[in-house]
Amino acid sequence: MNKVFVIIMIFVLTGCAEQRIIDDLALINAVGYDVTENKKNPLKLTGTFPFITKDGKYDRKTIIVEGKSSKEAREKVRLKTNLKLESGQIRVTLYGQELAKHGMLPYLQSLVRDPSIGTRAKLALAEDQASDILMLQIKNEGQNATYLEQFLTKLNRENLRTNYNIYQFLRDYYDDGIDPILPVFKVEKNNIVYNGIGLFHEDKLVEILKPSEARYLFLFREEMKQGNFVEQIDVGEEEKASIMLNYELKEHHIEVQSTAANTKKASINIELIGDVLEYTGKEDVSDPKIQKKIENIITKKINQEGKELIVKLQKLQVDPLGINRYVRNKMNYKEWKALDKYQSYQEMNINIEANIILNSSGKWK
């Protein structure tokens with residue numbers, strides 16, 4: 001009797017499940033959002049998905065439409081293919097710079113409301129148009145979505161912390177003590193290139209830091225543990241020498257000397273242990289005196305250029321380092337709510353206290 005019941009249930013349950021044939025599906029793996037000059041349809045949506053051609057080759061198809069909203073645009077995409085659209089395989093969502101300046105929140109909320117879109121979908125900015133990046137045909141590369149996903153994972157592995165997904169962005173957006181950031185890509189000589197970090201005030205893009213500035217941003221963020229430092233330094237020769245250090249972050253802490261009555265001072269303290277990977281000068285870097293000189297030069301450089309970056313962030317009223325988190329921890333809830341946090345942040349004296357120690361001059365015989 002039990003066997004009969006089980007067989008009946010198998011047939012019933014199998015009959016309820018929707019059959020999906022892979023050849024009939026358009027598994028969207030990347031979506032791009034841009035603004036248009038068309039007032040009736042201000043949003044441009046670019047969707048790309050892989051498919052198998054009739055002669056058995058692996059290819060991709062990209063569809064661009066304009067619409068009033070992301071969901072309306074998606075409906076237009078649906079009408080431009082004989083395949084059934086599926087969003088569950090989206091790997092990357094790209095946002096054009098102009099759209100990001102107007103605010104990301106409506107588009108992120110639309111993605112979050114779609115239960116088929118998973119947490120793996122990563123976010124990034126396009127320096128110009130997101131459609132330019134998704135339409136690009138890179139030689140010997142297949143899907144741009146896969147290429148971008150691997151690119152973001154690689155940057156994150158190199159401690160650039162660019163692996164932002166929807167929920168991480170919204171976490172920083174809703175946290176009143178830090179502002180979100182996103183990596184920026186652009187098209188250069190028929191290739192996709194990482195070109196810095198976008199800074200957000202709440203959900204609006206306000207500035208893009210160059211990679212040379214962004215390296216300090218990641219260094220001052222608490223999660224950065226190791227990296228490379230390449231600089232032109234002058235240790236007393238007629239011409240400057242180039243030096244490359246591989247460093248490890250041994251210590252990092254942020255101190256805020258703030259109370260409800262006085263929110264004026266903060267310091268970012270870091271200690272780096274470095275190994276020389278390359279040195280083009282004539283001085284002997286294994287000499288302790290030269291090493292001490294190099295340590296002082298690089299320490300001074302980080303303190304000075306780091307301070308310039310902090311002042312820039314304060315003027316822009318963006319707090320990607322989360323300084324306000326530390327201010328918030330010094331106050332009770334009533335005091336924090338009464339504080340004009342961005343005005344207070346702008347007026348703070350935030351110093352960089354770096355200490356560089358050369359561990360070795362590298363292997364050399």
Side-chain angles (χ1 to χ4, degrees), residues 95 100-101 103-105 107-109 111-112 119 122-125 152 155-156 159-184 196-209 213-225 227 249 251-260 263-270 306-353:
Y95 301 85
K101 285 179 179 176
M104 299 269 289
L105 196 59
Y107 308 100
L108 296 177
Q109 287 179 335
L111 291 176
V112 171
T119 57
K122 296 179 174 59
L123 308 182
L125 298 175
L152 288 165
L155 291 172
N156 196 60
N159 290 302
L160 297 186
R161 298 296 174 191
T162 54
N163 223 0
Y164 262 57
N165 61 37
I166 301 166
Y167 299 100
Q168 288 166 329
F169 186 95
L170 291 176
R171 176 200 61 196
D172 287 354
Y173 168 76
Y174 285 112
D175 188 328
D176 56 4
I178 191 170
D179 288 317
I181 60 172
L182 282 181
V184 181
I197 289 296
L199 303 173
F200 285 80
H201 180 99
E202 297 178 342
D203 71 325
K204 294 181 175 61
L205 176 71
V206 295
E207 181 77 351
I208 294 176
L209 290 183
E213 294 176 295
R215 65 176 182 170
Y216 286 116
L217 180 72
F218 291 116
L219 182 61
F220 301 150
R221 284 167 72 98
E222 194 169 357
E223 67 255 14
M224 182 104 178
K225 298 299 180 189
L249 183 65
E251 187 177 341
H252 176 289
H253 65 275
I254 296 176
E255 292 181 8
V256 173
Q257 295 95 41
S258 292
T259 63
T263 58
K264 302 295 184 187
K265 272 188 171 182
S267 62
I268 301 172
N269 303 277
I270 56 171
K307 177 68 178 179
E308 290 171 7
L309 173 65
I310 296 294
V311 170
K312 183 175 184 176
L313 298 178
Q314 288 178 289
K315 284 181 179 175
L316 293 169
Q317 292 199 337
V318 293
D319 183 16
L321 300 175
I323 298 295
N324 268 324
R325 282 179 170 175
Y326 295 87
V327 175
R328 186 178 60 194
N329 291 341
K330 295 276 184 177
M331 301 176 181
N332 61 40
Y333 181 77
K334 188 176 178 182
E335 290 169 340
W336 172 246
K337 284 299 174 187
L339 182 71
D340 185 338
K341 62 177 184 177
Y342 281 113
Q343 184 65 34
S344 165
Y345 170 68
Q346 215 169 21
E347 294 172 352
M348 286 180 85
N349 180 19
I350 305 173
N351 288 313
I352 306 299
E353 303 290 343

Taking C-beta and beyond as the side chain, do Leu209 and Ile181 meet within less than 4.5 Å on heavy atoms?
-> no

Would you give the length of the straight line joining atom CD of Gln257 to atom CG of Asn349, rounded to the nearest 0.5 angstrom?
-> 9.5 Å

Closest non-hydrogen contact found for Leu249 with His252 is CD2-CB, 3.8 Å

Side chain to side chain, Glu353 and Ile270, heavy atoms closer than 4.5 Å | no

Between Gly198 and Leu205 the two heavy atoms that sit nearest each other are CA-CD1, 3.6 Å

Just how far is it from atom CG of Leu123 to atom CG of Leu111, taken to the nearest 0.5 Å?
-> 8.0 Å

Taken to the nearest 0.5 Å, the spacing of Ile268 CD1 from Phe220 CZ works out to 6.0 Å

Of the non-hydrogen atoms in Leu125 and Ala100, which two are nearest, and what is the gap between them?
-> CD2-CB, 3.8 Å

Could you walk me through whether Leu105 and Leu170 pass side-chain contact (heavy atoms from CB on, under 4.5 Å), step by step?
-> CA-CA 8 Å; Leu105 196 59; Leu170 291 176; 3.8 Å; yes

Would you check if Trp336 and Val327 make a side-chain contact, meaning some heavy-atom pair closer than 4.5 Å?
-> yes

Kindly indicate whether the side chain of Met348, heavy atoms from C-beta on, has any atom under 4.5 Å from the side chain of Ile323.
-> yes

If only atom types and distance count, is the side chain of Asn165 paired as donor or acceptor with the main-chain N or O of Gln168 below 3.5 Å?
-> yes

Any chance you could lay out the side-chain contact (heavy atoms from CB on, under 4.5 Å) test for Asn324 and Asp176, step after step, and finish with the verdict?
-> CA-CA 8 Å; Asn324 268 324; Asp176 56 4; over 6 Å; no

Nearest heavy-atom pair of Pro320 and Ile178: which atoms, and what distance?
-> O-CD1, 3.6 Å

What's the shortest heavy-atom distance between Leu321 and Ile254, and which atoms?
-> O-CD1, 4.5 Å

Between Lys330 and Val256, is there a donor-acceptor pair closer than 3.5 Å when you use the side chain of the first and the backbone of the second?
-> yes

Do the side chains of Leu217 and Leu199 get nearer than 4.5 Å, heavy atoms only?
-> yes

Does a side-chain heavy-atom distance below 4.5 Å link Met104 with Tyr173?
-> no

Arg328 CZ to Glu335 CD distance, which is reported to the nearest 0.5 Å | 14.0 Å

Please confirm whether the backbone N or O of Val318 pairs with a side-chain atom of Tyr345, one donor and one acceptor, at under 3.5 Å?
-> yes

Could you tell me whether the side chain of Leu313 reaches within less than 4.5 Å of the side chain of Asp319, counting heavy atoms only?
-> no

Looking at Tyr174, Phe200, Tyr95, which one forms a ring-ring contact (aromatic ring centres under 6.0 Å, His included) with Phe169?
-> Phe200

Answer yes or no: is there a side-chain heavy-atom contact under 4.5 Å between Ile197 and Phe218?
-> yes

Rounding to 0.5 Å, atoms CG (Leu316) and NE2 (His201) come to a distance of 10.5 Å

Is a side-chain donor or acceptor of Asn351 paired with a backbone partner of Ser267 at a separation under 3.5 angstrom?
-> no

By side-chain hydrogen bond (donor to acceptor under 3.5 Å, both in side chains), Tyr107 pairs with (sequence neighbours left out) none

With Gln317 as reference, evaluate Glu202, Gln346, Lys341 under the side-chain hydrogen bond (donor to acceptor under 3.5 Å, both in side chains) test and give the passing residue.
-> Gln346

Main-chain N/O of Asp175 paired with Arg325 side-chain donor or acceptor, under 3.5 Å = no

Separation of Lys307 NZ from Tyr216 OH (nearest 0.5 Å) = 15.0 Å

